[in-house]
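A quick write-up on the structure given underneath.
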Protein chains: 2
Amino acid sequence: MYVSARADYAVRAMLAIAAGEPALVKAAALARTQEIPLSFLQGILLDLRRAGLLHSHRGTDGGYTLARSAGEVTVGDVLRAVSGSLTTVRGLPADDATYHGVATGLRDVWLAVHAAIEQVVDSTSLADLLPGRRPGALTRNRLP
Amino acid sequence: MYVSARADYAVRAMLAIAAGEPALVKAAALARTQEIPLSFLQGILLDLRRAGLLHSHRGTDGGYTLARSAGEVTVGDVLRAVSGSLTTVRGLPADDATYHGVATGLRDVWLAVHAAIEQVVDSTSLADLLPGRRPGALTRNRLP
DNA sequence: ATCGTTCCTATTGAACAGGTAGGGAATATC
DNA sequence: GATATTCCCTACCTGTTCAATAGGAACGAT
């Protein structure tokens, strides 16, 4: 179970842009405050824009802004935008895994893991994570 | 969220060895029936033995056998044996992630994901996945 | 229309996962 | 004890991800 640098950076960038609303936030500012390599970040921002999560504006006083409000964007949306499928097994989406013989039941494990992850990231919006909100909005999702 | 080839192969190998009990199972037989590259598999089996999950026997009619019974080994045990930490963010254990500024809340998301995954893999033993058991032992963990 | 700023793209190199090859060490059979 | 079989270990190759650099294209302000 591995969260890639792309995925981590993408959520942090979206949070920083959401926190700057309604002003535009520059890529260079994101890279500085969140300690993300600028060139790498630019590729991630491009993916987020192509996925329809960001609007970009060029020229002086340009930058990025959210395409939807922070409450309408979930962490899962961001992860899917930069990683394709949310959960992959050996590089393929969890659904596509086919097992032979005694390992047939393993498929259900990965599907259960996928569902468990989905339940967390799809029920958490960017607004839930921003400071100034009630802390621990997530705690009720932790364990039964 | 990425399940590595090592992790997937490791669980499949453990299942195949468990299914062969009490006979010893050879690495070559595992590679053939589960379609795993033999050389790669040998390195995985070495990790599983060092973690105390397998016993190995050399020479003619050698092979591998479980160190504990199939009911006493969980999927989580296997994953930790080959991957170190169960969940990593940018290569580091989920606990070690430190975030600055507006991204502080993101840490709780990864911890919640970690807990959700843990709940699935630590409550599923190898015996639960073997054929001949009641199917769908996992289904009650899927969703609330 | 020009200038400066910003986003966008292409190229290059380091680090790591996935996969391969071959020699060495231990065990059982003959 | 010689031999065949199997596990054990090390080094190597390849493709992808992560990261750095440099230049080109689009936009707003003056």
Side-chain angles (χ1 to χ4, degrees), chain A residues 1-10 12-13 16-17 20 23-32 34-51 53-65 67 79 82-85 88-92 97, chain B residues 1-13 16-17 20 23-32 34-67 79 82-85 88-93 97:
Chain A
M1 314 292 163
Y2 182 78
V3 177
S4 71
R6 277 186 84 81
D8 186 54
Y9 290 158
R12 281 157 63 184
I17 294 170
L24 283 78
V25 180
K26 300 187 208 312
L30 285 174
R32 195 174 344 103
Q34 286 297 318
E35 297 177 3
I36 302 173
L38 175 57
S39 57
F40 192 35
L41 174 63
Q42 285 183 327
I44 295 168
L45 292 170
L46 200 61
D47 283 348
L48 293 172
R49 186 183 66 82
R50 290 201 181 112
L53 297 180
L54 289 179
H55 287 153
S56 65
H57 301 275
R58 292 201 253 204
T60 309
D61 294 331
Y64 295 89
T65 186
L79 298 181
V82 296
S83 303
S85 178
T88 59
V89 179
R90 286 178 52 214
L92 292 92
Chain B
M1 313 297 160
Y2 181 78
V3 178
S4 69
R6 282 185 78 81
D8 186 56
Y9 290 160
V11 183
R12 283 158 61 184
I17 294 170
L24 283 78
V25 180
K26 299 189 211 307
L30 286 174
R32 192 173 349 101
Q34 286 299 315
E35 298 177 4
I36 302 173
L38 175 58
S39 316
F40 193 36
L41 175 63
Q42 286 183 326
I44 296 168
L45 292 170
L46 202 60
D47 283 347
L48 293 172
R49 186 184 66 83
R50 289 200 182 112
L53 297 179
L54 288 179
H55 287 154
S56 65
H57 301 276
R58 291 201 255 202
T60 310
D61 294 332
Y64 296 90
T65 186
L66 294 185
L79 297 180
V82 295
S83 302
S85 178
T88 60
V89 179
R90 285 179 55 214
L92 292 91

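What you see below is based on every heavy atom in this structure, not just the backbone, and it leaves out hydrogens, waters and symmetry mates. Everything numeric here is computed off the predicted structure, so don't read it as measured data. Residue numbers begin at 1 in each chain, while the letters A, B, ... track the order of the sequences.
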Can you check whether [X] has a side-chain N or O nearer than 4.0 Å to OP1 or OP2 of [N]?
X       : N      : answer
B:Tyr2  : D:dT16 : no
B:Ser56 : D:dC8  : yes
A:Arg49 : C:dC8  : yes
A:Arg50 : C:dC8  : no
B:Arg6  : C:dG19 : no

Next on the checklist: One pair to check against side chain to side chain contact (heavy atoms under 4.5 Å, CB included): A:Asp61 and A:Leu24. What are the steps and the verdict?
Outcome noted: CA-CA 8 Å; A:Asp61 294 331; A:Leu24 283 78; over 6 Å; no
Between [atom2] on [N] and [atom1] on [X], what's the gap in Å once rounded to a whole number?
X       : N      : atom1 : atom2 : answer
A:Ile36 : D:dA19 : CD1   : P     : 10 Å
B:Asp61 : C:dC30 : CG    : C1'   : 14 Å
B:Phe40 : D:dC12 : CZ    : P     : 19 Å
A:His57 : C:dC8  : NE2   : C1'   : 16 Å
A:Tyr9  : D:dA19 : OH    : C1'   : 9 Å
B:Asp47 : C:dG18 : CG    : C1'   : 14 Å
B:Lys26 : C:dT27 : NZ    : P     : 16 Å
A:Leu38 : D:dC18 : CG    : C1'   : 14 Å

Compare the minimum distances between each of [options] and the side chain of [X], then state the nucleotide with the smallest one.
X       : options              : value
B:Ala5  : D:dT5, D:dC7, C:dG19 : C:dG19
B:Thr60 : C:dC8, D:dC9, C:dA28 : C:dA28
A:Tyr64 : C:dT20, C:dC7, D:dC7 : C:dC7

Under 4.0 angstrom, heavy atoms only, what part of the nucleic acid is [X] near: base, sugar-phosphate, or nothing?
X       : answer
B:Ala27 : sugar-phosphate
A:Gly43 : nothing
A:Gly63 : sugar-phosphate

Item to check | Upstream residue (5' side of DNA chain D) when B:Ser39 and A:Ser39 are each assigned their closest nucleotide | outcome: B:Ser39
Next on the checklist: Nearest heavy atom decides the nucleotide; on that basis, is B:Arg90 or A:Arg58 closer to the 5' end of DNA chain D?
Outcome noted: B:Arg90
Next on the checklist: B:Ile17 and side chain to side chain contact (heavy atoms under 4.5 Å, CB included): which single residue from B:Leu53, B:Leu45, B:Leu48 fits?
Outcome noted: B:Leu45
Checklist entry - For A:Gln34, does its backbone N or O pair with a side-chain atom of A:Arg12 as donor and acceptor, under 3.5 Å? => result yes
